Amino acid sequence: MWNRIDLKMRGKLSFTKNYWSAVVAALVMAIFTGGSYSRYGSRAPETYEFFHDSHMSSSESMALAMFALMAAAVVGIMSLLFIIVKIFVGNLLLVGGSRFFIENQTGNPGVGVVGSAFQGGQYMNIVVTMFLKGLFISLWSLLFVVPGIIKHYEYLMIPYILAENPGMSRQEAFAISKRMMMGQKWNVFVLDLSFLGWRLLEGITFGIAGVFYVEPYYQATMAELYAFNRNMAYQQGYIR
């Protein structure tokens, strides 16, 4: 079994030896790793009361209501466009970024490796597999938070598997990731928690520490985790 301290130490050494390329690669990946979304639905009653209880004429209230609807439509369209870009571009960059950090363990790849998933004729296979990964996690999250978290860790290795095997079927990629993470989900969750202090520093510095240190450090550590699991998979014979 891997050791958290050793894994992070190797990740730190890996990204610092190719610092600027790692920073750019991690930044590209961070843009498309998703994030928290504001829940505006619960504000609707207050908005309703504002339009109807304030000292406004009916025409003013109607104008503000129309403006609010237009703003909501713009936000909806922008959100839809982001989802489309994430599916057809962002997920490919995540896979390419994963490949960058895998190669960075033993070499000094250029930032261009981040775009490698667009090459080789396996574009749609990667798009579909990564889309299904996100979809399944989202559907499990609709049940309760915990099942979604479990599936997140179960499918964690998929981008790395595709990075090295872009033509692998989605069924096999899911199965291998599931087997790689068997018995490791809690340990990887704790590994993520060990970056909490760094994430707080990232917030305090308005993301600056994240761009120039935390994110490449984290991505390099995750690549080290994959390297360990890949070696174990070769030894156990379920990947060749």
Side-chain angles (χ1 to χ4, degrees), residues 1-12 14-15 26 29-30 32-37 86 90-91 93-102 104-105 126 128-166 168-200 202 210 214-240:
M1 184 60 183
W2 47 268
N3 177 278
R4 183 174 70 252
I5 296 174
D6 183 55
L7 209 66
K8 293 176 72 173
M9 181 184 68
R10 293 204 307 270
K12 186 184 296 184
S14 176
F15 100 80
M29 295 175 73
F32 293 101
T33 52
S36 59
Y37 295 92
K86 179 178 173 64
N91 284 341
L93 294 174
L94 285 176
V95 172
S98 300
R99 180 173 176 177
F100 170 89
F101 281 100
I102 293 171
N104 195 58
Q105 293 169 338
I126 297 174
V128 172
T129 303
M130 290 294 289
F131 170 75
L132 290 175
K133 170 184 177 288
L135 177 64
F136 293 158
I137 293 173
S138 297
L139 291 176
W140 278 99
S141 298
L142 290 176
L143 299 175
F144 289 104
V145 174
V146 174
I149 293 174
I150 292 173
K151 288 300 175 181
H152 163 74
Y153 286 108
E154 189 171 290
Y155 302 152
L156 190 65
M157 298 289 99
I158 289 177
Y160 301 93
I161 294 168
L162 291 176
E164 293 194 311
N165 308 275
M168 181 178 287
S169 69
R170 55 185 177 273
Q171 295 87 351
E172 190 174 2
F174 275 83
I176 290 175
S177 180
K178 183 176 181 179
R179 186 160 180 181
M180 282 182 170
M181 295 301 296
M182 194 175 297
Q184 294 195 36
K185 299 180 191 68
W186 174 255
N187 292 324
V188 180
F189 176 70
V190 174
L191 174 62
D192 278 342
L193 287 181
S194 72
F195 282 89
L196 183 59
W198 288 110
R199 295 302 183 185
L200 291 174
E202 181 179 354
V214 183
E215 199 59 35
Y217 180 19
Y218 177 79
Q219 293 298 343
T221 302
M222 290 297 106
E224 292 292 339
L225 172 66
Y226 169 72
F228 175 90
N229 286 335
R230 178 190 58 198
N231 293 337
M232 290 297 296
Y234 279 125
Q235 293 176 20
Q236 296 174 9
Y238 60 88
I239 63 171
R240 295 181 295 275

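In this text, all values refer to a predicted model and were calculated from it rather than measured experimentally. Residues take their numbers from the sequence shown, with the count starting at 1. When reading the values below, keep in mind they use all heavy atoms of this one structure, side chains included, and skip hydrogens, waters and symmetry mates.
Taking CG from Leu132 and CG from Asn91, the interatomic distance works out to 10.5 Å, rounded to the nearest 0.5 Å. Here NZ of Lys8 is found 8.5 Å from CH2 of Trp198. Values are rounded to the nearest 0.5 Å. Rounding to the nearest 0.5 Å gives a distance of 10.5 Å between CG of Asn3 and CG of Leu191. With rounding to the nearest 0.5 Å, the separation of CG in Leu93 from CE in Met29 is 9.5 Å. Note that CZ of Phe15 is 11.5 Å distant from CD of Gln219, once rounded to the nearest 0.5 Å. Here the CZ atom belonging to Phe101 is positioned 9.5 Å from the OG1 atom belonging to Thr221, to the nearest 0.5 angstrom.
Every residue two or more places apart in sequence or in another chain that forms a side-chain hydrogen bond (donor to acceptor under 3.5 Å, both in side chains) with Arg10 is listed here: Asp6, Glu224. Partners of Glu164 by side-chain hydrogen bond (donor to acceptor under 3.5 Å, both in side chains), not counting sequence neighbours, listed by chain and number: Tyr226, Arg230. Residues satisfying the side-chain hydrogen bond (donor to acceptor under 3.5 Å, both in side chains) test with Tyr155, not counting sequence neighbours, are none. Partners of Ala163 by side-chain contact (heavy atoms from CB on, under 4.5 Å), not counting sequence neighbours, listed by chain and number: Val95, Ser98, Arg99, Ile102. Under the salt bridge (charged side-chain N to carboxylate O under 4.0 Å, His left out) criterion, Arg199 pairs with Glu202, Glu215, sequence neighbours left out. For the side-chain hydrogen bond (donor to acceptor under 3.5 Å, both in side chains) test, residues two or more places apart in sequence or in another chain that qualify with Asn104 are Ser14, Asn18.
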Can you list, pair by pair, the side-chain donor-acceptor contacts under 3.5 Å of residues 174-181, counting residues two or more places apart and other chains?
from: Ser177; atom 1: OG; to: Glu154; atom 2: O; distance (Å): 2.7
from: Ser177; atom 1: OG; to: Met157; atom 2: N; distance (Å): 3.3

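Legend: side-chain hydrogen bond (donor to acceptor under 3.5 Å, both in side chains) pairs involving residues 180-193, not counting sequence neighbours, sorted by first then second residue: Trp2-Gln184, Tyr153-Asp192, Gln184-Asn229, Asp192-Tyr218. Sorted by first then second residue, the side-chain hydrogen bond (donor to acceptor under 3.5 Å, both in side chains) pairs that include residues 130-150, not counting sequence neighbours, number zero.
Contact check for Arg4 versus Val190: side-chain heavy atoms found under the 4.5 Å cut-off.
Summarising the geometry of His152 relative to Ile137, their closest heavy-atom pair is CA-CD1, 3.7 Å, with the distance given to 0.1 Å.
The number of heavy atoms from other shown groups lying within 6.0 Å of CD1 (Ile5) does not exceed 12.
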